[in-house]
Amino acid sequence: MKKLLSVAYIAITMLFTLHVVAQDSESSIKKLNVKIGYATFNYSDPSLTGENSFFNSGGTNTGTYNGYRNLSGISFKLSYQLNNNVGLFADATLTNKTSEHYVDPAMYKTNADNNLIKLGFSGQVVGKDFPVKLNMGTGLVLSIFSFDSSTEPDTGEGTYLAKKDNYPGFFFATEVSIPIYKFIHIFSRLEYIYIPVSSMDIEHSGGTDYYISYYDLNLGGLQFSTGLGIDIF
């Protein structure tokens, strides 16, 4: 938490400085922009991505499937340029992935919902001959997530684990925007998200009969988004 507070303090200080510069800029152009696109997300921590290993032993197929990977969904972003080079933005990304595999004698299932809300500031460079924009930003992020996993054998009782929570962190993003028609452009954005968690338990659904514990965890990862943007004014 102290690290996050330090990052927030630095971000606010830099934002104030950038705002003063923006007010003094002769080329200041205030512009509201909306982006919507397709997003993919993958956790960078190997303990969260899990494993997928099925094998045949003595004529019986056995194995395991756990972890959460290859999430996909939709991304929204609202940005406001203080001038040609400095802007503020907020965005939300909603991603999900459900997987299931039956390997005799059990069904393996996992589901992950990962919703990210971000606030930040950015700097951009605009091409002179052609107005392609290269934008780099940073800020704070809140992860609102849920994990579910289960192993359901053909006979006997299965295992069911679930977790819902939210954690703060910070992120860095690089984005390229290419105009295609007047106020419409296409964009691609790559983000690295870091959400430190000292410990987390994924518990038996409906009780604490059994659980999996994670320590020194990064709940963030890499996210890629692409889609269309529209300049409002």
Side-chain angles (χ1 to χ4, degrees), residues 3-44 71-95 114-143 168-180 183-196 218-233:
K3 291 182 179 179
L4 293 178
L5 291 175
S6 299
V7 172
Y9 175 77
I10 294 173
I12 293 172
T13 302
M14 293 180 66
L15 181 59
F16 177 77
T17 303
L18 291 172
H19 181 63
V20 172
V21 172
Q23 287 181 325
D24 294 337
S25 175
E26 295 180 357
S27 60
S28 177
I29 297 178
K30 295 182 179 180
K31 183 179 294 185
L32 187 66
N33 176 268
V34 176
K35 292 184 176 72
I36 181 170
Y38 172 78
T40 63
F41 177 85
N42 269 292
Y43 292 101
S44 60
L71 282 71
S72 62
I74 193 167
S75 174
F76 303 91
K77 181 180 180 181
L78 180 67
S79 59
Y80 181 78
Q81 289 298 126
L82 299 173
N83 62 19
N84 276 346
N85 304 114
V86 180
L88 309 174
F89 66 90
D91 73 54
T93 305
L94 313 177
T95 57
N114 185 47
N115 303 319
L116 299 171
I117 300 174
K118 309 185 199 77
L119 295 173
F121 59 91
S122 62
Q124 73 176 11
V125 177
V126 183
K128 293 182 179 180
D129 297 329
F130 188 72
V132 174
K133 298 177 183 178
L134 174 62
N135 187 295
M136 301 186 71
T138 185
L140 302 179
V141 58
L142 178 66
S143 172
F170 55 92
F171 70 96
F172 302 92
T174 300
E175 178 181 281
V176 175
S177 296
I178 303 174
I180 56 175
F183 53 84
I184 302 175
H185 55 266
I186 58 175
F187 75 91
S188 293
R189 180 168 63 249
L190 181 64
E191 300 173 80
Y192 174 71
I193 301 161
Y194 181 63
I195 304 175
N218 176 17
L219 202 61
L222 291 175
Q223 180 172 289
F224 175 76
S225 306
T226 186
L228 290 175
I230 300 175
D231 294 327
I232 304 301
F233 64 83

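Side chains included, hydrogens not; waters and symmetry mates left out as well; all remaining heavy atoms used.
Using a 4.5 Å cut-off on side-chain heavy atoms (C-beta onward), S143 and L116 make contact. I178 places a side-chain heavy atom less than 4.5 Å from the side chain of I186.
The salt bridge (Lys or Arg N to Asp or Glu O under 4.0 Å) pairs that include a residue from residues 78-93 are D91-K118, where partners are two or more places apart or lie in different chains.
Interatomic distance, CD of E175 versus OG of S122, reported as 8.0 Å (0.5 Å rounding). Note that OG1 of T174 and CG of L134 are 7.0 Å apart. Values are rounded to the nearest 0.5 Å. Atom OH of Y43 is separated from atom CD1 of I193 by 9.5 Å, given to the nearest 0.5 angstrom. One distance of note links CG of N135 with CZ of F89; it measures 7.0 Å at 0.5 Å rounding. The CG atom of L140 sits 9.0 Å away from the CZ atom of F170 when rounded to the nearest 0.5 Å. Taking CZ of F41 as the reference point, atom OG1 of T95 lies at 6.5 Å (rounded to 0.5 Å).
Ring pair Y194/Y192 is parallel by interplanar angle, where below 30° counts as parallel and above 60° as perpendicular.
Residues F171 and L119 share a closest heavy-atom pair of CE2-O, 3.9 Å. Smallest separation of non-hydrogen atoms from P179 and H185: CA-CB, 3.5 Å.
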request  = Might you work through the side chain to side chain contact (heavy atoms under 4.5 Å, CB included) test for S177 and K35, ending with a clear yes or no?
outcome  = CA-CA 10 Å; S177 296; K35 292 184 176 72; 3.7 Å; yes
Contacts table for residues 218-233: side-chain donor-acceptor under 3.5 angstrom, sequence neighbours left out:
from: N218; atom 1: OD1; to: I195; atom 2: N; distance (Å): 3.0
from: N218; atom 1: OD1; to: G220; atom 2: N; distance (Å): 2.9
from: N218; atom 1: ND2; to: S44; atom 2: OG; distance (Å): 3.0
from: Q223; atom 1: NE2; to: T93; atom 2: OG1; distance (Å): 3.1
from: Q223; atom 1: NE2; to: E191; atom 2: OE2; distance (Å): 3.1
from: T226; atom 1: OG1; to: F187; atom 2: O; distance (Å): 2.9
from: T226; atom 1: OG1; to: S188; atom 2: OG; distance (Å): 3.4
from: D231; atom 1: OD1; to: N33; atom 2: ND2; distance (Å): 2.7

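Remark: K133 pairs with no residue by the salt bridge (Lys or Arg N to Asp or Glu O under 4.0 Å) rule, at least two apart or across chains.
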